[in-house]
There are 2 protein chains.
Amino acid sequence: MPTPVLQSSLRQFRRYEHLVKAGEQCDCIYRIRDGWACRYETLHDGRRQITALYLPGEYCEPHWLLSGRAELAVMALTPLSTTPLLLSEVHRPQDGGVKTMLGAILQNLERQTQWIIRLGRKNATERIVELFVDLRSRLGSDDDTVKIPLTQREIADIVGLTPVHVNRVLHRLAEQKRVFQHGRTLLATAHVSGIIRQCPSNVTEMNDEKATSDGW
Amino acid sequence: MPTPVLQSSLRQFRRYEHLVKAGEQCDCIYRIRDGWACRYETLHDGRRQITALYLPGEYCEPHWLLSGRAELAVMALTPLSTTPLLLSEVHRPQDGGVKTMLGAILQNLERQTQWIIRLGRKNATERIVELFVDLRSRLGSDDDTVKIPLTQREIADIVGLTPVHVNRVLHRLAEQKRVFQHGRTLLATAHVSGIIRQCPSNVTEMNDEKATSDGW
DNA sequence: CGCCCGGTTGACGAGCGTCAAGGTCGGTGG
DNA sequence: CCACCGACCTTGACGCTCGTCAACCGGGCG
């Protein structure tokens, strides 16, 4: 058990450690300081789908304010540092803490709507590119490149594909200089979205050229 | 423009009429009396994805309470009869109207999470069956069969498939007596889920037997 | 030093999309 | 009452995406 939870105390999790397991009661909402977390479900046959990502600065599962219960498990994808906000604390001071949570809930609702559209109607390349575009904007990084601390299996479980296919798509994106690999870290460049292209090929469509496997 | 909106007045829509278009301001939440509605998005190339269904008894887009704005268009899938609830009315009487809306928002959030899992990790048959199971329980019908007033194109836009493939899956389900067609109306039986099976074949897996086209 | 996780790559096939040509039913106008 | 029309459903042929299986590699860590 962790230390007694105080306002603005810290709580840390190791990689792949659970913040909550499916079905547990929740007495606090975690504000992410550093690291990434995800909500996910594992089917009986082992298939897994990640249904939400939580990044630094965001509130992890703000709707616990309304339900007090985790339907799905949440775990750290990286070493994670959070400040837990007790639900009772959020409720009492009518300083707008509740309003902040409701806004966060609304944002998650819209994010989930966008993911339904992507999973239902977009192909592998579109899904992966739009994931990276979303991550870039949420990380608020105007840098040239953003670090993406996800394994290919994790990306696969977000975008509803297999790790093998994610690997092939990433290689094609790398050929087009839309992503890079630095060591084992994935970097998404400022033109992941593919808007910037001087070659005559089409902007939005993907052609099927075989990956020439020049090691990224 | 409709008649001035009064508490518990009625507002009707024709099939395929819009309750709101994308981006519009919303001053009321519609409680569905009769008929079905959906939220959807159309991509530039014509692909469409339905991201929410609203059935009799449910509140259409309760999160407008928080945002006051429709991100996506909402339209009637059948002739529709609703009672609009003014946002100002919901706010004022602290009799629990707000609480009801927050509960409805929470439920939609969980429904969307389930759809992300289905679209990401389930095959065509699983998606369609689980849609029907969901509809059966939401319609609260313990009847033998439930009427599903959706065209195959609409089902396709919900489950992220093409109408042609939906057609083939429906025929396979019909062979197994899990759905029926009465005239042009689709009926889902009490054992759509496929739990009830006396034949030795597997419960959850689908076999690929060709449809023998005996006209349902 | 060896193990294990994660990434890489090829061969192959299944599931689903695309295209295209009917078919059927209900509504509508003459 | 009938002819026509437009949605919607049906069905076959074909092929692209993506999944599966399997082997291998490379580096970090105990």
Side-chain angles (χ1 to χ4, degrees), chain A residues 14-16 43 45-49 77-78 118-128 148-157 159-175 179-187 205-216, chain B residues 14-16 45-49 77-79 118-128 148-157 159-175 179-187 205-216:
Chain A
R14 292 186 309 277
R15 192 190 188 202
Y16 296 152
L43 307 186
D45 59 0
R47 289 178 287 184
R48 183 178 71 161
Q49 179 66 42
L77 290 174
T78 67
R118 288 174 189 145
L119 291 174
R121 292 302 180 199
K122 310 241 171 155
N123 64 28
T125 309
E126 291 172 318
R127 290 186 209 176
I128 292 175
I148 297 183
L150 298 173
T151 68
Q152 295 182 3
R153 173 168 204 281
E154 284 151 12
I155 294 175
D157 288 340
V159 299
L161 298 168
T162 56
V164 176
H165 199 67
V166 167
N167 182 286
R168 298 192 223 270
V169 172
L170 286 179
H171 276 270
R172 272 181 265 163
L173 293 178
E175 283 170 36
V179 299
F180 283 101
Q181 193 184 233
H182 180 64
R184 199 163 278 184
T185 319
L186 183 61
L187 301 172
E205 284 176 35
M206 294 308 308
N207 34 17
D208 275 19
E209 61 218 43
K210 268 273 175 52
T212 48
S213 72
D214 48 6
W216 293 68
Chain B
R14 292 186 308 277
R15 191 189 187 204
Y16 296 152
D45 59 0
R47 288 178 286 184
R48 183 178 73 159
Q49 178 67 42
L77 288 175
T78 68
R118 288 175 188 145
L119 291 174
R121 291 300 179 202
K122 310 243 171 153
N123 65 26
T125 309
E126 291 172 318
R127 291 185 208 176
I128 292 175
I148 298 183
L150 299 172
T151 68
Q152 296 182 3
R153 175 170 202 280
E154 284 151 11
I155 295 174
D157 288 340
V159 299
L161 298 168
T162 57
V164 175
H165 200 66
V166 167
N167 183 285
R168 298 192 222 269
V169 172
L170 286 180
H171 275 270
R172 271 181 267 163
L173 293 179
E175 284 171 35
V179 299
F180 284 101
Q181 194 184 233
H182 180 65
R184 199 162 277 185
T185 318
L186 183 61
L187 301 172
E205 285 175 34
M206 294 308 308
N207 35 14
D208 275 18
E209 59 215 58
K210 268 271 176 51
T212 47
S213 72
D214 48 5
W216 292 66

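By convention in this document, chain letters (A, B, ...) are assigned in the order of the sequence lines, proteins followed by strands, and residues within each chain are numbered from 1. The structure presented is a predicted model; accordingly, all values stated were derived computationally and were not measured.
Looking at A/R168, its side chain has no donor and acceptor atom pair within 3.5 Å of the base of C/dT8.
For the side-chain contact (heavy atoms from CB on, under 4.5 Å) with B/V159, the qualifying choice from B/E154, B/E126, B/R127 is B/R127, the only one to do so.
For the pair A/Q181 (side chain) and A/L186 (backbone), a donor-acceptor distance under 3.5 Å is absent.
Separating the CG atom of A/N167 from the P atom of D/dC21 is a distance of 18 Å, rounded to the nearest angstrom. When the P atom of C/dG6 is taken as reference, atom CD1 of A/I155 falls 13 Å away, rounded to whole Å.
In plain terms, the two heavy atoms of A/G160 and A/L119 that are nearest each other are N-CD2, 4.2 Å. Minimum heavy-atom separation, B/A124 to B/L161: CB-CD1, 3.6 Å.
A sub-4.0 Å separation between OP1 or OP2 of C/dT18 and a side-chain N or O of B/R47 is absent.
Comparing A/Y16 and B/G183 by the nucleotide of DNA chain C whose heavy atom lies nearest to each, the residue mapping closer to the 5' end is A/Y16. In terms of position along DNA chain C, the nucleotide closest to A/R184 lies nearer the 5' end than the nucleotide closest to the other residue of the pair A/V164 and A/R184.
For B/N123, counting side-chain heavy atoms from C-beta on, the closest listed nucleotide (C/dG6, D/dT20, C/dC16) is C/dC16. Of the candidates D/dG19, C/dG6, C/dC16, the closest approach to any side-chain atom of A/T151 belongs to C/dG6.
No contact: A/R127 has no heavy atom under 4.0 Å from any strand. Counting non-hydrogen atoms under 4.0 angstrom, A/R121 reaches nothing in the nucleic acid.
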